[in-house]
Amino acid sequence: MSFSYKTKLELCKLPTGGECCAVAECYGMLLYGNTFSEREIKIITENTSLGERLITQFQNAFVISFDMLPDMEKPGKKAYIINDADKLRRIFEAYGFTPGNHLAHHINLGVLEEDCCRRSFIRGAFLAGGAITDPVKSYHLELVTDHFNVSRETYSLLLEMGFSPKETERSGNFITYFKQSSAIEDFLTLIGAPISAMELMSAKIEKDMRNTVNRKVNCDTANVTKMVDAAGNQIEAITKIQAAGGFASLPEKLRQTAELRIDNPELSLKELAEISTPPVTKSCLNHRLRKLMELANMASR
């Protein structure tokens, strides 16, 4: 079950609300559904819970039933259809449209005067034409409609509600979308899906923690690699001094440091300084090793 499907299941469990909110939610589902014309209304979904909510909300909003219902026993996508002329007229009139007297769909904001109705409209839009990716993989929520004006007006409506969505077009459809996790969390909370919002937050926290651990591991690995390379260069320098016969003539402190490095190739400078006799600072030991490397360069000329 996809995250998008689970989110819609959560929304379908919400109380249906009053008549005005039912009208607003149906409005979103109609404008973001498959077909909303004077000849037919068709909403297609494979989510049986959404199908049940469609039937209930259309009854609450318009006191009408669907003319064609799918076979609920069959798997896959199911179509919910209204084609009765009188029912279609009543629905159009509920949204302030006169059948035969409009060229393109617009959002009638008079239907969405109350905040609760605006939330219901956005919820309906998401139920019928929305999708959200699994937050474990990425952050993306979108509302898709084939009505240009509706998409632009939904964008403006979301701006008024405090969101900052983005817009694009894909395959003749118009899309309003979010890619920031915080905006998606707020959107889901607004339309009544707090459980999905919390799941997104948890996924984000887990992802951030994993990234932090990975950065630390990468940093530690880089430091170990740097330390190993430095120790290798130091041992190579000491070996050159030995091969040139200059080891015995080294000052006692340099000779002790050279022997210490040869005997402990895996230790860091800090660890090497601590086991020196007597113990020295990391800076002091580093100075001695640099001096050995300078002598090795002179010996190889």
Side-chain angles (χ1 to χ4, degrees), residues 1-4 6-7 131-142 164 166 168 170 177-186 188 195-301:
M1 185 186 299
S2 70
F3 186 75
S4 190
K6 287 193 295 183
T7 301
I132 180 172
T133 58
D134 187 336
V136 172
K137 299 176 182 177
S138 63
Y139 306 123
H140 183 87
L141 182 149
E142 64 182 28
S164 299
K166 295 184 179 181
T168 190
R170 184 197 309 139
Y177 68 96
F178 299 94
K179 295 192 79 69
Q180 290 186 325
S181 60
S182 58
I184 297 173
E185 291 164 13
D186 291 342
L188 292 175
I195 295 174
S196 295
M198 287 296 295
E199 192 171 335
L200 190 151
M201 290 181 204
S202 297
K204 179 184 177 183
I205 291 170
E206 184 177 343
K207 191 183 296 184
D208 289 345
M209 289 179 62
R210 190 181 300 114
N211 289 339
T212 299
V213 170
N214 287 340
R215 282 195 297 270
K216 188 177 186 310
V217 169
N218 291 338
C219 181
D220 290 346
T221 300
N223 288 337
V224 169
T225 300
K226 184 178 179 181
M227 183 189 75
V228 170
D229 290 344
N233 292 334
Q234 292 157 5
I235 291 171
E236 182 181 356
I238 294 167
T239 304
K240 286 181 181 178
I241 295 172
Q242 289 175 325
F247 194 79
S249 62
L250 287 175
E252 182 180 354
K253 291 180 179 179
L254 287 185
R255 188 170 64 253
Q256 288 176 349
T257 298
E259 291 171 347
L260 203 61
R261 172 46 85 197
I262 292 290
D263 293 339
N264 302 278
E266 78 286 355
L267 296 186
S268 66
L269 283 180
K270 182 176 180 295
E271 294 167 330
L272 212 58
E274 289 172 352
I275 65 170
S276 296
T277 305
V280 296
T281 64
K282 177 182 173 182
S283 176
C284 176
L285 190 73
N286 188 41
H287 175 75
R288 292 179 186 178
L289 288 168
R290 281 205 308 268
K291 185 64 177 178
L292 287 168
M293 294 184 74
E294 290 174 5
L295 292 173
N297 287 334
M298 293 173 60
S300 62
R301 291 175 183 171

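We number each residue from 1, following the sequence as shown.
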Neighbour count >12 (heavy atoms, 6.0 Å) for atom [atom1], [X]:
{"X": "E266", "atom1": "CD", "result": "yes"}
{"X": "I275", "atom1": "CD1", "result": "yes"}
{"X": "E206", "atom1": "CD", "result": "no"}
{"X": "Q180", "atom1": "CD", "result": "no"}

Could you state the interatomic distance from [atom1] ([X]) to [atom2] ([Y]), rounded to the nearest 0.5 Å?
{"X": "L188", "Y": "E185", "atom1": "CG", "atom2": "CD", "answer": "8.0 Å"}
{"X": "L292", "Y": "R261", "atom1": "CG", "atom2": "CZ", "answer": "11.0 Å"}
{"X": "I205", "Y": "L200", "atom1": "CD1", "atom2": "CG", "answer": "10.0 Å"}
{"X": "L260", "Y": "I238", "atom1": "CG", "atom2": "CD1", "answer": "9.5 Å"}
{"X": "T277", "Y": "Q256", "atom1": "OG1", "atom2": "CD", "answer": "7.5 Å"}
{"X": "L254", "Y": "H287", "atom1": "CG", "atom2": "NE2", "answer": "8.0 Å"}

Distance-minimising heavy-atom pair for S164 and F178: C-CE2, 4.1 Å
Taking every non-hydrogen atom, the tightest pair across S4 and A131: OG-CA, 3.5 Å
Heavy-atom side-chain proximity of K179 to Y139 below 4.5 angstrom: no
Working for side-chain contact (heavy atoms from CB on, under 4.5 Å), residues K253 and V280: CA-CA 11 Å; K253 291 180 179 179; V280 296; over 6 Å; no
T133 (side chain) donor-acceptor with H140 (main chain) under 3.5 angstrom: yes
R288 side-chain N/O to R255 backbone N/O, donor-acceptor pair under 3.5 Å: no
Lys/Arg-Asp/Glu bridge criterion (N-O < 4.0 Å) met for E274, K270: yes
